[in-house]
Amino acid sequence: GERPGSCGEPGGDRVRAGSARWRWRSVATARQGGFARRCPQLVDAGVVKTVRGFTLAFEGNSASATIKPGTYTLKLGMRSADALAALLDEANRSDNAITVNAGQTAAQVYERMISVGGFTQDEIDQALADPAVLGLPEAADGNVEGWLAAGSYEVAIGESATDVLMTMVGRTTALLTDLGIAEADWQETLIKASILEREAGVPDDLPKVARVILNRLELPEAETRGLLQMDSTVLYGVGKSGGLPTAEDLGSDSPYNTYRVQGLPPTPIATPSQAAIEATINPADGDWLYFVTVNLDTGETLFSSTLAEQT
């Protein structure tokens, strides 16, 4: 079913004298008479006098179909034609698209879905309860971490949390397919790419850090003993998304503690960018086992093949 206010709704109390905030989600069903039934809130908010007057203005202007979803600041007591013009003016709109950035965790994406998309945690939890519907492969083991593609997502009328999450996962599977990555390798690729996303200081270093990760995994006889020793995974395992791990963090029994557990962590730790995924499947050539960022302002990073060189 459709959530209340899915077409338009007051955005809360009047924000200043003579104005109101009003949320517009979609014009998808307006021309079938749905507007008069679904959107009386402009009248309730005091923006226009009658639903009929605004509906006539809306249906009489072909540009009405181009009104973008968002939250609009509108004057009170406007003529219907002026109210429509205000909705067509980008200056009155604040974007309510759900934005997923590379490096964000699934929990951070859920926060955006709630604060911007208007979903509830219960709706998100219900969507996550059926991972097959979301398009997750079996290898993901029901966990969407790393599968929620970076990008911007407008919530259309009637869309559910399942729809939004399905779109995010679908973008990831489409990208992996376009890059020619075999489905059997999707999960492992995302795990590596997510670590790479959180560890590399600047984009140019992505292929080099990817090689460090690969060398540590493939050379258990090296001095790193098959341990990734990545701060980003340790932090994820203890529920942190930034900063440096404490001594307690580094001593944790988490399966994400790559200072203690050999190999890859059980899942991705964040959403990787396309660049990180591409670097993962096309790492630079080198025998590096270590890297350290020596300039936090520029992201300058040094790479070495031995701990002695590194120090």
Side-chain angles (χ1 to χ4, degrees), residues 95 97-113 116-117 131 134-141 143-155 163-218 228 230-233 235-236 241-242 256 258 264-286 288 291 293 298-301 303:
D95 196 359
I98 298 169
T99 301
V100 179
N101 296 317
Q104 285 186 320
T105 63
Q108 290 171 320
V109 176
Y110 305 153
E111 289 174 5
R112 293 291 292 172
M113 290 178 67
V116 178
L134 301 180
L136 276 179
E138 287 187 18
D141 198 25
N143 192 329
V144 299
E145 192 70 82
W147 286 90
L148 306 179
S152 182
Y153 302 84
E154 289 281 4
V155 182
D163 295 326
V164 175
L165 291 169
M166 189 186 306
T167 301
M168 293 177 180
V169 172
R171 285 192 190 180
T172 296
T173 57
L175 174 59
L176 294 170
T177 301
D178 290 346
L179 292 176
I181 302 171
E183 185 171 348
D185 297 328
W186 283 358
Q187 180 75 351
E188 182 174 317
T189 299
L190 289 179
I191 293 173
K192 293 176 181 176
S194 70
I195 298 171
L196 181 54
E197 184 68 46
R198 295 304 303 270
E199 291 285 344
V202 294
D204 287 348
D205 285 337
L206 286 169
K208 287 186 175 182
V209 178
R211 173 55 65 184
V212 171
I213 291 172
L214 200 59
N215 286 345
R216 288 193 172 205
L217 291 171
E218 294 184 347
L228 285 178
M230 300 288 173
D231 290 353
S232 58
T233 65
L235 291 167
Y236 180 84
S241 58
Y256 294 88
T258 53
L264 290 170
T267 72
I269 61 170
T271 288
S273 61
Q274 179 172 337
I277 295 173
E278 291 175 344
T280 297
I281 60 175
N282 295 294
D285 292 327
W288 312 293
F291 63 95
T293 301
T298 65
E300 181 186 357
T301 301
F303 293 80

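One is the number of the first residue; the rest follow in order along the sequence.
- Arg198 contributes no side-chain N or O that, together with a main-chain N or O of Ser232, makes up a donor-acceptor pair within less than 3.5 Å.
- Side-chain atoms of Met168 and Leu134, non-hydrogen and from C-beta on, never get closer than 4.5 Å to each other.
- Donor-acceptor pairing under 3.5 Å is lacking for the side chains of Tyr153 and Thr99.
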Practice item. Just do the side-chain contact (heavy atoms from CB on, under 4.5 Å) check on Arg112 and Val100 with the steps written out, would you? Key: CA-CA 8 Å; Arg112 293 291 292 172; Val100 179; over 6 Å; no
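- When only modelled atom types and interatomic distance are considered, Glu197 and Ser273 share a side-chain donor-acceptor pair under 3.5 Å.
- Between the Thr258 side chain and the Met230 main chain, a donor and an acceptor come within less than 3.5 Å of each other.
- Glu145 places no side-chain N or O within 3.5 Å of a backbone atom of Pro268 that could act as its donor or acceptor partner.
- Between Ile213 and Leu228 the shortest heavy-atom distance is O-CD2, 3.8 Å.
- Of the possible donor and acceptor atoms, one in the side chain of Trp186 sits under 3.5 Å from a partner among the backbone N and O of Ile181.
- Annotation: the span from Asp178 atom CG to Ile277 atom CD1 amounts to 11.0 Å, rounded to 0.5 Å.
- For the atom pair CD1 of Ile98 and OG1 of Thr167, the computed distance is 10.0 Å after rounding to the nearest 0.5 Å.
- Rounded to the nearest 0.5 angstrom, Asn143 CG and Thr267 OG1 are separated by 5.0 Å.
- The main-chain N or O of Trp288 is found under 3.5 Å from a side-chain atom of Asn215 such that the two form a donor-acceptor pair.
- For CG of Asp141, the number of neighbouring non-hydrogen atoms (other residues, nucleotides, ligands) closer than 6.0 Å is 12 at most.
- Although no hydrogens or angles enter the test, the distance criterion places no donor-acceptor pair under 3.5 Å between the side chain of Glu188 and the main chain of Asp185.
- Thr172 places a side-chain N or O within 3.5 Å of a backbone atom of Trp147 that can act as its donor or acceptor partner.
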Result block: side-chain N/O donor-acceptor pairs under 3.5 angstrom for residues 278-286, not counting sequence neighbours:
| from | atom 1 | to | atom 2 | distance (Å) |
| --- | --- | --- | --- | --- |
| Glu278 | OE2 | Gln274 | NE2 | 2.9 |
| Thr280 | OG1 | Ala276 | O | 2.8 |
| Asn282 | ND2 | Glu278 | O | 3.3 |

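- Side-chain contact check for Gln104 and Thr271: no donor-acceptor pair (N or O, by modelled atom type) lies under 3.5 Å.
- Taken from CZ in Phe303 to CZ in Phe291, the straight-line distance is 6.5 Å, to the nearest 0.5 Å.
- Residues Leu148 and Leu165 form a side-chain contact, since some pair of their non-hydrogen atoms from C-beta on lies under 4.5 Å apart.
- Using a 4.5 Å heavy-atom cutoff, the side chains of Pro137 and Glu183 are in contact.
- Remark: Leu190 CG to Ile195 CD1 distance equals 11.0 Å, nearest 0.5 Å.
- What you find for Ala200 and Leu206 is that their closest heavy atoms are CB-CD2, 3.6 Å.
- For the atom pair CD (Glu300) and CG (Asp205), the distance works out to 9.5 Å, reported to the nearest 0.5 Å.
- Under the 3.5 Å distance criterion, with hydrogens and angles disregarded, no donor-acceptor pair is assigned to the side chains of Ser241 and Thr105.
- The minimum heavy-atom distance linking Gly170 with Thr173 is given by the pair O-OG1, 2.9 Å.
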